[in-house]
There are 2 protein chains.
Amino acid sequence: MTETQPLPRLTLSRQIRDGLVRRIVSGELEPGERLVETRIAESYGTSQAPVREALRELEAIGMVETRPRRGTFVRHFIQQTLRESYVVRAALEEAATRLALPAGTLPADALRADVAAMREAAGRGDVGAVGTASVSFHRHIVDAGHNELLKHAWEALQIEARTSVTLLAVEPDLGDVADEHAELLDALLSSDLAKACQLTRDHQWHYADLPHDAHGRAR
Amino acid sequence: MTETQPLPRLTLSRQIRDGLVRRIVSGELEPGERLVETRIAESYGTSQAPVREALRELEAIGMVETRPRRGTFVRHFIQQTLRESYVVRAALEEAATRLALPAGTLPADALRADVAAMREAAGRGDVGAVGTASVSFHRHIVDAGHNELLKHAWEALQIEARTSVTLLAVEPDLGDVADEHAELLDALLSSDLAKACQLTRDHQWHYADLPHDAHGRAR
DNA sequence: ACTGGATCGATTATCGATAATTGATAACCT
DNA sequence: AGGTTATCAATTATCGATAATCGATCCAGT
């Protein structure tokens, strides 16, 4: 049959994985919900195999939990894992900073460009663009650490996906977000390692402490 | 044929995964080596499906690299990933310390027992037992952070497997290892957060800087 | 001989079907 | 009735087969 896309550029399992991430993050698939392989396969018009692979990857990044022979369930992600992820992010990004700053591998221009883009987006009130610029900023730092495993662990957190949720849930002042990044950038460019690490921690733990789930928490 | 185990207690894919981890860590499967799915399936007497799942999990923890449609390859684990893992470990364990210490959730007795076991093993010159005690010590700290995602990321590093390799490759003074842990424990028990974090970093980065591959590096 | 392209073998990605397991329900013995 | 066991439907884990794709080889035309 003439299926959905004529170009399966990526592998099916990758597409399914990304689709599931989106659906989980958006809340379409609720925490605790059981993910039945055959049903998902049907919904994507594929067989069970690529779905299983996708679920394995989701499990590896902690978005779902699989109990052998029992099934796969969406983890309680919004309430718990989301805020947890900030602590892990902070730890990894701080380590990357400790690696990159003394080594002088930080891409100053790219970081400046990210902050500028963030400022501009904040001025427009474009939440999505602020998030994109922020992710780019932090990814540049992680990359500059030149540590594949660190990079790997960071990417596994699915920062993009989580960021979009957070920004929508927290509704921070976009100008403040941009300012915080500018401050961190200053510390980085002046090679103030201690201050940069401190700011990285404070910045992220700040979000970790916020009641992301103001809407859903007290129910 | 009467196959290897009559009791497939765990799922096949899990068994295959663990087997591959062991074979990679032991060096039986060399860095850069291609892992052909059908060949592995044959060697385990299974079909391709559980092998693919196992490989996906290995990819998720960074032990192999998969390029779509190209194949799966053992990452350069000894020379690169191993030392990289110490930086990531340090970052995660420091974050766990920052969470656990102020919260007062550290299991003091268990930590003391780990250090005692380490001392005792060091006295016997039992490298394996020192490694086991060390892993237990650090896992207790990570657990005490009460952050599932952090825990998840830490476990994904396959600390056990890597530790065994490291201890054999580095051949550190076991007494020193025990002393370092004792010092860290002191800082933890006296709630000296800054010092504990510092020690955690120094301790692990120390290994990261060592030429693990004295045998193979300069080739 | 040298470059560009067609062909071939090997391997991965996916499929459809089957075996095995789980949790729930219903029948059963004391 | 109380608790235990047999049965059932749903679902996962695995299999064997097929289609799609990659990399290398071989060949023709210049």
Side-chain angles (χ1 to χ4, degrees), chain A residues 1-21 23-24 29-75, chain B residues 1-21 23-24 29-75:
Chain A
M1 314 90 187
T2 52
E3 267 312 319
T4 43
Q5 258 71 271
L7 71 163
R9 197 71 263 147
L10 261 354
T11 61
L12 273 181
S13 55
R14 196 59 60 95
Q15 292 177 256
I16 293 172
R17 178 183 73 109
D18 293 342
L20 287 176
V21 166
R23 292 213 271 166
I24 291 174
L29 299 173
E30 292 182 21
E33 183 169 342
R34 182 176 194 176
L35 300 178
V36 178
E37 297 174 356
T38 51
R39 222 183 302 288
I40 295 173
E42 193 181 9
S43 82
Y44 282 97
T46 73
S47 77
Q48 201 184 340
V51 174
R52 280 181 67 81
E53 289 191 40
L55 290 179
R56 278 297 142 85
E57 293 192 48
L58 291 189
E59 185 186 11
I61 65 178
M63 293 186 86
V64 303
E65 181 179 0
T66 296
R67 282 171 298 175
R69 314 249 176 214
R70 300 285 192 76
T72 301
F73 304 82
V74 179
R75 290 188 65 193
Chain B
M1 321 84 183
T2 52
E3 268 312 321
T4 43
Q5 260 69 270
L7 69 163
R9 197 71 263 144
L10 260 355
T11 61
L12 274 181
S13 56
R14 195 57 61 96
Q15 291 178 257
I16 293 173
R17 178 182 74 109
D18 292 343
L20 287 176
V21 166
R23 292 214 271 165
I24 291 174
L29 298 173
E30 293 182 21
E33 184 169 341
R34 182 176 194 173
L35 300 178
V36 178
E37 297 174 357
T38 50
R39 222 184 302 288
I40 295 173
E42 194 181 7
S43 81
Y44 282 96
T46 73
S47 77
Q48 202 183 340
V51 174
R52 282 181 65 82
E53 289 190 41
L55 290 178
R56 276 299 146 87
E57 294 192 48
L58 290 188
E59 186 186 10
I61 65 178
M63 293 188 86
V64 303
E65 181 179 2
T66 297
R67 282 171 297 174
R69 312 257 178 206
R70 300 286 191 79
T72 301
F73 304 82
V74 179
R75 289 189 65 193

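Labels below follow one simple rule: chain letters A, B, ... track the order of the sequence lines, proteins then strands, and each chain is numbered from 1. Atom set for the values below is all heavy atoms of this structure, side chains included, hydrogens, waters and symmetry mates excluded.
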Residue list, side chain to side chain contact (heavy atoms under 4.5 Å, CB included) with B/Glu42, at least two apart or on another chain | none
A/Arg14 CZ - D/dA20 C1' separation (whole Å) | 18 Å
Along nucleotides 5-11 of chain C, 5' to 3', which nucleotides get a B, which get an S, and which get a -, given that the test is a protein heavy-atom distance under 4.0 Å?
-> ------S
Rounded distance in Å - CG (A/Leu12) to P (D/dT21) = 11 Å
Tell me, please, which residues at least two apart from A/Arg23 pass salt bridge (Lys or Arg N to Asp or Glu O under 4.0 Å).
-> A/Glu28
Interatomic spacing from CD in B/Gln15 to OH in B/Tyr44 - rounded to 0.5 Å | 9.5 Å
Enumerate, atom names and distances included, each donor-acceptor pair closer than 3.5 Å involving a side-chain atom of residues 53-63 of chain A, sequence neighbours excluded.
| residue | atom | partner | partner atom | Å |
| --- | --- | --- | --- | --- |
| A/Glu53 | OE1 | B/Arg52 | NH2 | 3.2 |
| A/Glu53 | OE1 | B/Arg56 | NH1 | 2.5 |
| A/Glu53 | OE1 | B/Arg56 | NH2 | 3.4 |
| A/Glu53 | OE2 | B/Arg52 | NE | 2.8 |
| A/Glu53 | OE2 | B/Arg52 | NH2 | 2.9 |
| A/Arg56 | NH1 | B/Glu53 | OE1 | 2.3 |
| A/Glu57 | OE1 | A/Arg17 | NE | 3.4 |
| A/Glu57 | OE2 | B/Arg56 | NH1 | 3.4 |

Please work out if B/Thr72 contacts a base, only the sugar-phosphate, or nothing of the nucleic acid, heavy-atom cut-off 4.0 Å.
-> nothing
Would you call B/Val36 and B/Arg34 a side-chain contact if the rule is heavy atoms closer than 4.5 Å?
-> yes
Using whole Å, report how far CD1 of B/Ile40 lies from P of D/dC15.
-> 14 Å
Does C/dT14 have OP1 or OP2 sitting under 4.0 Å from an N or O in the side chain of A/Ser13?
-> yes
Looking at OG1 of B/Thr72 and CD1 of B/Ile40, how far apart are the two atoms once the value is rounded to the nearest 0.5 Å?
-> 8.0 Å
Measure the distance from CZ on B/Arg67 to C1' on D/dT21 and round it to the nearest whole Å.
-> 15 Å
For B/Ala41, check side chain to side chain contact (heavy atoms under 4.5 Å, CB included) against everything at least two apart and list the hits.
-> B/Thr46, B/Val51
Near DNA chain C, which residues from residues 46-61 of chain B have a heavy atom under 4.0 Å away?
-> B/Gln48, B/Arg52
Hey, could you give me the CG/OG distance between B/Leu12 and B/Ser47, rounded to the nearest 0.5 Å?
-> 8.5 Å
Distance in angstrom units between A/Gln15 CD and C/dA13 P, rounded = 13 Å
